[in-house]
Amino acid sequence: MKLFVAPLLAAAALSCASCSLFDESGKTTVAGQVVDSSTGQAVANAQVRLFANQRSSSSASYSPEGNWRSTDGQGKFSFSFDADADLSYILRASSSRGDTEFQSAPQVTGGRKNKDLRVPVEAVAWVRIHLLDVPPRTDAVNVKVSGFQGSITLHPPLDTVIYRMIKAGPNQVVVWELNGSRVVPATEHRIPYSVAGLDTMRVDIRY
């Protein structure tokens with residue numbers, strides 16, 4: 001019988017180590033920094049919060065878990081919590097510049113030390129679109145403008161200014177098209193631009 005003691009003890013130790021390795025419950029530490037998703041710069045005085053989802057759920061819906069926690073003047077944070085093995089966690093931030101999108105929120109592993117997490121916030125900005133019906137006056141039925149949430153259809157002749165909130169960053173574009181003209185074909189025009197967080201970019205559309 002003594003010959004089997006060592007192998008059995010080794011197997012038990014390996015089993016316990018395996019359980020410890022994959023167990024995602026218990027004390028969990030979380031530390032990192034809130035940053036601007038466009039520039040990578042720190043976002044001061046933000047707040048962070050855990051969101052959780054049942055591992056057994058087929059839904060990707062996350063619900064708030066615990067309270068909002070404040071960051072410092074460099075956007076840094078550090079806290080701990082007791083994780084539930086049945087839940088998966090992500091970390092989102094909220095700030096005066098914007099919030100973290102669910103799809104870009106970093107994962108938090110329960111029962112582990114989660115260090116150097118970068119929590120991005122999508123900074124908001126505005127686009128100022130100036131439509132100018134320059135001579136000769138168009139005979140188009142309408143002009144459609146998009147490149148932000150939704151679209152706008154206007155009936156010329158009309159000079160007007162439109163403001164729309166957008167996500168800050170490079171590679172933005174305003175799209176416009178004249179419809180119903182007997183002279184000008186319905187061609188899509190694209191105007192690229194970039195805008196920093198909390199700034200306003202002017203885009204002129206001359207038709």
Residue pair [X] / [Y], side-chain heavy-atom distance below 4.5 Å:
X      : Y      : value
Ile205 : Leu132 : no
His130 : Val203 : no
Val108 : Phe81  : yes
Asp199 : Trp126 : no
Glu65  : Leu87  : yes
Val127 : Val174 : yes
Val161 : Arg128 : yes

What distance do [X] atom [atom1] and [Y] atom [atom2] have between them, rounded to the nearest 0.5 Å?
X      : Y      : atom1 : atom2 : answer
Asn171 : Tyr193 : CG    : OH    : 11.0 Å
Ile166 : Phe148 : CD1   : CZ    : 9.5 Å
Asn114 : Ser80  : CG    : OG    : 11.5 Å
Thr200 : Arg164 : OG1   : CZ    : 13.5 Å
Leu198 : Ser96  : CG    : OG    : 6.5 Å

Could you tell me if [Y] and [X] have a donor-acceptor pair between their side chains, going purely by distance under 3.5 Å?
X      : Y      : answer
Ser37  : Glu122 : yes
Asn142 : Thr153 : no
Asn53  : Ser88  : no

Nearest non-hydrogen partners of Asp82 and Tyr89, listed with the distance: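 Shortest heavy-atom separation between Asp82 and Tyr89 comes out as O-OH, 4.4 Å.
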
So, for Ala44 and Gly73, which heavy atoms are closest and what is the spacing to 0.1 Å?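 Scanning both residues completely, I find the closest heavy atoms to be CB-O, 3.0 Å.
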
Is the side chain of His189 donor-acceptor paired with the backbone N or O of Glu177 at a distance under 3.5 Å, no angle test?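 Answer holds: no.
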
Report yes or no: does Asp72 contribute a side-chain atom to a donor-acceptor pair with the main-chain N or O of Lys76 at less than 3.5 Å?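 The answer is yes, because a donor-acceptor pair under 3.5 Å joins these two groups.
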
Given side chain to side chain contact (heavy atoms under 4.5 Å, CB included), test Ile191 with Val173 step by step and report yes or no. CA-CA 5 Å; Ile191 305 175; Val173 63; 5.6 Å; no

Within 45 degrees of the axis of the six-membered ring of Phe102 and under 6.0 Å from its centre: does Arg92 put its NZ or CZ there?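 The answer is yes, since Arg92 meets both limits relative to Phe102.
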
Taking the basic N atoms (NZ, or NE/NH1/NH2) and the acidic carboxylate oxygens, is any pair closer than 4.0 Å for Arg55 and Asp86?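 Looking at Asp86 together with Arg55, the answer is no, because their closest N to O distance does not fall below 4.0 Å.
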
